[in-house]
Amino acid sequence: MNTILITGGCGFIGSNFIRYAFNQHDDWHIVNVDRLTYAGNPENLKDIESDARYTFIHGDICDKKLIGSVYREHKITGVINFAAESHVDRSIMDATVFFETNVKGTMVLLDAARQFGIERFLQISTDEVYGELGETGYFTEKSPLKPNSPYAASKASADLLVNTYYRTYSLPVLIVRSSNNYGPYQYPEKMIPLMIIRAMEGKQLPVYGDGTNVRDWLYVGDNCRAIDIIFKDGITGEVYNVGGSMEITNINLVKKLLDILGKPESLISFVTDRPGHDRRYALDISKINEELKWESIGSFDNKLRETVQWYKDNAPWWKNVLNKNDYQDYYKKMYSKRKEEVR
Ligand SMILES: NC(=O)c1ccc[n+]([C@@H]2O[C@H](COP(=O)([O-])OP(=O)(O)OC[C@H]3O[C@@H](n4cnc5c(N)ncnc54)[C@H](O)[C@@H]3O)[C@@H](O)[C@H]2O)c1
């Protein structure tokens, strides 16, 4: 039996990954350490919480004592670190907790991994560490790290730290840098669930700037499959880009969602841009394609439709989230002062 520590497993990608891993690995026991911040939602794992192969620990990855006892008592063999403060806009308001969790928390996990002789440590990172692209080109795993937001800077710092534990202590680490994920259980501050839910409610859809910023979209199920393959077969010390090869401007994506939902484009409202907003991200994924034979499966339009359907079918899930004070406060802070701009 492998005992895998998953951190941040009550968040969006972590909860999807735990569900995926349970279906793939009968011989895994998963220990999920999650602080249950505003983004951590135990409801995401309701169907799994009583499984004998699952242990939940409510705790902070920055808590050295707790993490040491988790590694020791559960005889952890591998670690996948999803836990993070993950929203760029919140990092622009206050970066403190981003550096606490994303950098210090990663260091605590790495130190314990050294102490307890962990066989595999997978750091979940992001394409945002590379900074932004112009109209052409792709980031490879060798592109320099040039983060532009406090969030991206904290993730890049963690990546640098992870690399030093490989070089200095030969800790068996790997890093995954993925593009923007979408799918079920995503906290509705992020673009796709935000737009779907507001459109379903007939509310205005706030689009930053002129809407021409480009993102590459990766279905969370494809990402979970990639993470699983990299954890199993990736080469120690290596970085792997994981992208959906689906570049689209924000405005075209919002129009697609409105079309799927049968809602009018008059709901779109252009608002003041995010400060330092990166123009374009795009990943060269030939390394994972060729070396690990991973590719995304199915069409973007179908996966987007399925995602819309999930939010339609799971209104109690998102209504619970929306009714919490944190979400209300955040939305007011973020959007009430943003001017509507006529385009
Ligand atoms: N969502 C994306 O599009 C995307 C893209 C690329 C990379 N990533 C990375 O993937 C990882 C997961 O992202 P997500 O979208 O699922 O994030 P999320 O915000 O939905 O979930 C983060 C989880 O981490 C937990 N957490 C936060 N601080 C913690 C702490 N100190 N100790 C323990 N748990 C803590 C939260 O409670 C939550 O459950 C992050 O590392 C993020 O940087 C996300």
Side-chain angles (χ1 to χ4, degrees), residues 2-22 25 28-87 90-91 96-113 118 121-126 151 154-155 158 176 178 181 183-190 193 220 223-224 227-228 231 317-318 320-321 324-327 330:
N2 290 308
T3 308
I4 310 298
L5 170 62
I6 306 272
T7 67
C10 294
F12 164 49
I13 306 177
S15 61
N16 277 284
F17 182 78
I18 289 177
R19 189 168 292 102
Y20 179 84
F22 266 142
H25 306 287
W28 276 25
H29 184 99
I30 290 179
V31 177
N32 172 16
V33 172
D34 196 302
R35 202 181 103 196
L36 298 181
T37 66
Y38 76 93
N41 187 349
E43 287 291 309
N44 296 3
L45 290 170
K46 252 228 129 4
D47 50 325
I48 277 168
E49 64 188 7
S50 53
D51 194 304
R53 292 178 298 146
Y54 176 69
T55 304
F56 174 64
I57 296 167
H58 183 193
D60 190 332
I61 59 165
C62 300
D63 182 342
K64 238 176 146 163
K65 211 166 138 207
L66 170 82
I67 294 302
S69 73
V70 169
Y71 278 67
R72 187 172 42 250
E73 282 164 27
H74 294 275
K75 300 189 172 51
I76 301 296
T77 53
V79 178
I80 308 182
N81 180 27
F82 291 94
E85 287 296 329
S86 68
H87 193 38
R90 288 187 191 246
S91 80
T96 316
V97 70
F98 284 74
F99 279 79
E100 279 291 318
T101 288
N102 300 3
V103 185
K104 183 182 164 199
T106 301
M107 188 181 74
V108 168
L109 293 168
L110 287 165
D111 280 337
I118 295 311
F121 186 106
L122 178 56
Q123 173 69 4
I124 304 296
S125 185
T126 165
Y151 161 69
S154 71
K155 295 296 288 185
V176 174
S178 81
N181 282 224
Y185 299 105
Q186 188 166 28
Y187 191 84
E189 65 190 350
K190 304 282 167 59
V220 68
N223 193 19
C224 290
I227 290 167
D228 193 44
F231 190 65
W317 179 88
W318 56 260
N320 257 339
V321 175
K324 292 199 175 123
N325 287 342
D326 181 90
Y327 187 83
Y330 164 79

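Counting begins at 1 with the first residue of the sequence. What you see is a predicted model, and the numbers here were worked out from it, not measured in a lab. Heavy-atom basis, side chains included; hydrogens, waters and symmetry copies ignored.
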If the condition is ring pair (Phe, Tyr, Trp, His ring centres under 6.0 Å), which residues does [X] pass it with, not counting sequence neighbours?
{"X": "Y38", "answer": "Y187"}
{"X": "Y71", "answer": "F116"}
{"X": "W28", "answer": "H25, F231"}
{"X": "H87", "answer": "Y330"}

Examine distances only and state if a side-chain atom of [X] and a backbone atom of [Y] form a donor-acceptor pair shorter than 3.5 Å.
{"X": "N2", "Y": "I4", "answer": "no"}
{"X": "D228", "Y": "A21", "answer": "no"}
{"X": "T77", "Y": "T3", "answer": "yes"}

Item to complete: Please report the closest heavy-atom contact between N223 and S178, naming both atoms and the distance.
Response: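 Minimum heavy-atom contact is ND2-OG, 3.7 Å.
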
Side chains of [X] and [Y]: does their closest heavy-atom pair fall under 4.5 Å?
{"X": "Y185", "Y": "N41", "answer": "no"}
{"X": "D34", "Y": "F82", "answer": "no"}
{"X": "I61", "Y": "R35", "answer": "no"}
{"X": "N44", "Y": "W317", "answer": "yes"}

Worksheet item: Hey, which of I67, N32, V31, L5 is the one that makes side-chain contact (heavy atoms from CB on, under 4.5 Å) with I57?
Response: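 When side-chain contact (heavy atoms from CB on, under 4.5 Å) is applied between I57 and each of I67, N32, V31, L5, only V31 qualifies.
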
Discussion item. Checking E73 now: which residues fulfil side chain to side chain contact (heavy atoms under 4.5 Å, CB included) with it, not counting sequence neighbours?
Written reply: S69

Discussion item. The criterion is side chain to side chain contact (heavy atoms under 4.5 Å, CB included); which residues satisfy it with K324, sequence neighbours excluded?
Written reply: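 Partners of K324 under the side chain to side chain contact (heavy atoms under 4.5 Å, CB included) test: none.
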
Only counting residues at least two apart or in another chain, list the ones meeting side-chain hydrogen bond (donor to acceptor under 3.5 Å, both in side chains) with [X].
{"X": "T55", "answer": "H29"}
{"X": "D47", "answer": "R19"}
{"X": "T126", "answer": "none"}
{"X": "S125", "answer": "D159"}

Item to complete: Provide the full list of ring-ring contact (aromatic ring centres under 6.0 Å, His included) pairs with a residue in residues 49-68, sequence neighbours left out, each pair given once.
Response: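 The answer is none; no pair qualifies.
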
Worksheet entry | Partners passing salt bridge (Lys or Arg N to Asp or Glu O under 4.0 Å) against D111 (at least two apart in sequence or in another chain) | none

